[in-house]
Amino acid sequence: MPEISRRLFGGLVGGSAVSAVAGASAAEAATPAAPGPGASSGPEERPFAARTGTRPGKRPNFLFILGDDLGWADLSSYGAPHIKTPHLDRLAAQGVRFTQAYSGSATCSPTRFSLYTGRYPGRTEGGLAEPIGNRAQGLDPNHPTLASLLKRAGYATALIGKWHCGWLPDHSPTRSGWDEFFGNFGGALEYFSKLGQLGEYDLYEGDATYKDLRYYTTVLTERAVEYVGRDHDRPWLLNLNFTTPHWPWLTEDDEETGAAIADEVRSGNVLGALLHNDGGSVEKYREMVENLDASVGKVLAALRRSGQEENTVVVFASDNGGERFSYQWPLSGGKSELLEGGIRVPTVLRWPARVDGRQVSHEPVYSPDWTATLLELGGARPDPAYPLDGHSLAGYLLRGRGLPERDLFWRVRGNRALRRGDWKYYRDAQGRDHLYDLSADAREQADLAADRPELLAELKAAWERTDRELLPYPAG
């Protein structure tokens with residue numbers, strides 16, 4: 001099968017066979033405003049092609065939005081049969097929808113390390129925590145980040161929402177290149193009381209606590225609307241990190257349930273209460289995702305009103321695969337493991353000034369690539385002492401260049417994975433090695449390890465070469 005056909009087939013069997021027509025139509029019906037500049041007038045997605053010949057303009061703004069534990073097919077434009085996400089579907093219809101985009105790891109904080117540094121999480125001590133769970137762990141403030149490098153190049157930088165790369169006093173976004181921070185330091189919190197995974201109040205403005213007991217997603221949305229609506233005097237980067245739809249499973253109508261969870265946290269049952277194993281449902285999860293979609297819609301509407309929409313690069317993704325109530329079909333696995341369901345995530349990009357709409361890309365990309373891409377688009381240079389593991393997508397997106405042949409590498413405790421082209425090497429928690437052809441088997445059920453032992457050995461050796469470059473996990 002020719003290469004393009006194989007990739008196209010791989011994207012389609014991954015759940016993307018659902019046409020963007022339905023998603024775009026639903027989005028436009030739910031969002032009366034006219035499609036933004038650069039949106040295609042055609043009714044269906046077409047394979048991605050760069051809009052070559054466009055002269056570079058002024059440097060763009062960057063709005064990078066992360067959902068939290070959002071599964072690959074949890075958007076209606078990615079195949080969810082019961083979740084309606086008109087705003088995110090419309091965003092995809094105005095830009096590019098990626099069918100084979102991956103997170104940098106299978107849990108929250110390592111992926112954030114990979115996005116903020118552009119490097120494998122295992123290159124830094126803080127990235128070895130899966131995820132970060134105590135004050136001793138965190139992102140070294142001396143390590144260059146997406147924010148610090150863009151700031152050096154003249155950008156204003158802000159992070160709103162979930163940080164999860166360490167706690168005060170040693171670790172904070174404002175110590176790692178972000179001019180402004182409003183959000184939570186930990187990996188989870190109760191949405192009303194803001195009690196987090198250390199059992200303490202966890203909503204901060206800068207390094208000072210900020211009291212607001214309203215539903216957290218609402219609070220973050222208001223802050224993001226205010227930020228993008230400002231009269232900025234220079235280009236800006238906003239990392240907008242929602243906690244939705246991460247547990248506990250609460251919507252704006254669940255303040256009473258939230259209060260009961262907060263009482264449990266105060267009594268000392270912190271993780272047990274926040275995990276909310278006795279709560280949630282598919283219906284509750286649907287409400288949370290649809291609330292996330294509406295929140296993103298409000299931020300995008302503010303961006304449009306501000307007059308900055310045309311030259312703002314918007315990327316929406318998830319930090320890893322979904323959890324208990326997520327819709328992942330046809331992928332196997334979920335959060336914390338390196339099967340496709342744990343690392344393949346919904347990802348869309350919109351940049352009306354330079355990228356046409358209603359397009360779909362089946363190229364494999366992942367979190368560190370976005371770091372390299374935004375740095376190149378912003379005119380910022382990576383620090384040569386900290387070489388990036390991601391590859392810039394700017395040539396692909398803007399100049400019609402193909403992506404270079406390269407391996408995508410993942411490592412977590414108990415799992416290993418490497419993707420080369422359509423082939424994926426995977427070691428499970430029992431130490432068994434597997435080989436999958438993702439173009440024909442996105443569900444990873446047809447193990448070809450016995451049929452292709454030489455290829456398996458080659459990919460395994462490649463994984464181990466990269467692994468030797470990384471820090472070892474601490475004992476225990």
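Between Ser392 and Ala372, the shortest heavy-atom distance links the atoms N-CB, 3.5 Å. Shown here for Leu63 and Val299, the closest heavy-atom pair between the two residues is CD2-CG1, 4.1 Å. Between Gly177 and Lys151, the shortest heavy-atom contact is O-CD, 3.5 Å. Contact detail for Leu149 and Pro382: the closest heavy-atom pair is CD1-CA, 4.1 Å. Nearest heavy-atom pair, Leu139 versus His143, reported as atom, atom and distance to 0.1 Å: CD1-CB, 4.4 Å. Across Tyr227 and Leu237, no two heavy atoms sit closer than the pair OH-O, 4.2 Å.
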Is there a side chain to side chain contact (heavy atoms under 4.5 Å, CB included) between Val96 and Val348? Walk through the geometry before answering.
CA-CA 6 Å; Val96 185; Val348 298; over 6 Å; no

Run Tyr216 and Phe242 through ring-ring contact (aromatic ring centres under 6.0 Å, His included) and show every step you take.
CA-CA 9 Å; Tyr216 192 37; Phe242 288 102; 8.8 Å; no

Report the C-alpha distance between Glu363 and Arg419 in whole Å, list the side-chain angles of each, state the deciding distance to 0.1 Å, and finish with yes or no for salt bridge (charged side-chain N to carboxylate O under 4.0 Å, His left out).
CA-CA 12 Å; Glu363 294 288 347; Arg419 176 168 177 168; over 6 Å; no

Take Asp433 and Arg416 through the salt bridge (charged side-chain N to carboxylate O under 4.0 Å, His left out) test and state the conclusion after the steps.
CA-CA 9 Å; Asp433 289 334; Arg416 57 168 70 172; 5.2 Å; no

Salt bridge (charged side-chain N to carboxylate O under 4.0 Å, His left out) between Asp369 and Arg406, intermediate numbers included:
CA-CA 12 Å; Asp369 294 339; Arg406 43 76 181 264; 2.7 Å; yes

I'd like to know whether Phe182 forms a side chain to side chain contact (heavy atoms under 4.5 Å, CB included) with Leu203, so could you lay out the CA-CA distance, the side-chain angles of the two residues, the decisive distance to 0.1 Å, and finally the verdict.
CA-CA 7 Å; Phe182 179 86; Leu203 175 57; 4.0 Å; yes

Val265 and Asn269: side chain to side chain contact (heavy atoms under 4.5 Å, CB included), yes or no, with the steps?
CA-CA 5 Å; Val265 171; Asn269 182 27; over 6 Å; no

CA sep, side-chain torsions, deciding dist, call: Glu283, Arg286, salt bridge (charged side-chain N to carboxylate O under 4.0 Å, His left out)
CA-CA 5 Å; Glu283 176 63 19; Arg286 177 193 65 79; 2.2 Å; yes

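No hydrogens or angles considered: a donor-acceptor pair under 3.5 Å links the side chains of Ser326 and Asp74. Side chains of Ser267 and Glu264: a donor-acceptor N/O pair is absent below 3.5 angstrom, by distance only. For Thr85 and Ser76, the side-chain atoms include at least one donor-acceptor pair closer than 3.5 Å. Side-chain contact annotation: Ser172 with Asp207, donor-acceptor N/O pair under 3.5 Å present.
The side-chain tip of Lys194 does not point at the ring of Tyr210 from less than 6.0 angstrom away and within 45° of straight on. Geometrically, Arg411 engages Tyr473 in a cation-pi contact, judged by NZ or CZ lying under 6.0 Å from the ring centre and within 45° of the ring axis.
For the pair Asp428 (side chain) and Arg432 (backbone), a donor-acceptor distance under 3.5 Å is present. Side chain of His276 to backbone of Trp249: a donor-acceptor contact under 3.5 angstrom is found. No side-chain donor-acceptor contact under 3.5 Å links Ser318 to the backbone of Val345. Within the 3.5 Å criterion, the main-chain N or O of Glu323 finds no donor-acceptor partner in the side chain of Asp69. Using modelled atom types, one side-chain atom of Thr371 and one backbone atom of Leu115 make a donor-acceptor pair closer than 3.5 Å. With Ser295 contributing its side chain and Asn291 its backbone, the two residues share a donor-acceptor pair below 3.5 Å. Here the side chain of Asp383 pairs a donor or acceptor atom with the backbone of Ala385 at under 3.5 angstrom. In this structure, the side chain of Asn61 does not engage the main chain of Pro235 through any donor-acceptor pair within 3.5 Å. His434 places no side-chain N or O within 3.5 Å of a backbone atom of Tyr425 that could act as its donor or acceptor partner. Using a distance-only test at 3.5 Å, with no hydrogens or angles considered, no donor-acceptor pair links the side chain of Ser105 to the main chain of Thr111.
Side-chain atoms of Phe64 and Leu238, non-hydrogen and from C-beta on, never get closer than 4.5 Å to each other. Using a 4.5 Å heavy-atom threshold, the side chains of Tyr386 and Thr117 count as separate.
No option in Tyr102, Phe98, Tyr116, Phe316 other than Phe98 meets the ring pair (Phe, Tyr, Trp, His ring centres under 6.0 Å) test with Trp370. Paired with Glu340 under the rule side chain to side chain contact (heavy atoms under 4.5 Å, CB included), one option of Gln100, Arg443, Glu444 passes, and it is Glu444. Of the candidates Asp68, Asn241, Thr243, Thr244, Asp68 is the only one forming a side chain to side chain donor-acceptor pair (under 3.5 Å) with Lys162.
Between Trp236 and His232, a ring centre-to-centre spacing shorter than 6.0 Å is recorded. With ring centers used as reference points, Tyr436 lies 6.0 Å or more from Trp423. A centroid separation of 6.0 Å or more is found between the aromatic rings of Trp163 and Tyr204. Checked against a 6.0 Å centroid threshold, the rings of Tyr366 and Trp410 count as neighbours.
Between Lys84 and Asp293 no salt bridge is recorded (no basic side-chain N to carboxylate O distance below 4.0 Å). Salt-bridge formation is not detected for the pair Glu252/Arg214: no Lys NZ or Arg NE/NH1/NH2 atom is positioned less than 4.0 Å from an Asp or Glu carboxylate oxygen.
Using a 30° and 60° split on the angle between ring planes, Tyr215 and Phe192 fall in the tilted class, from 30° to 60°. Using bins of under 30°, 30° to 60° and over 60° for the plane-to-plane angle, the ring pair Tyr327/His82 lands in the perpendicular bin.
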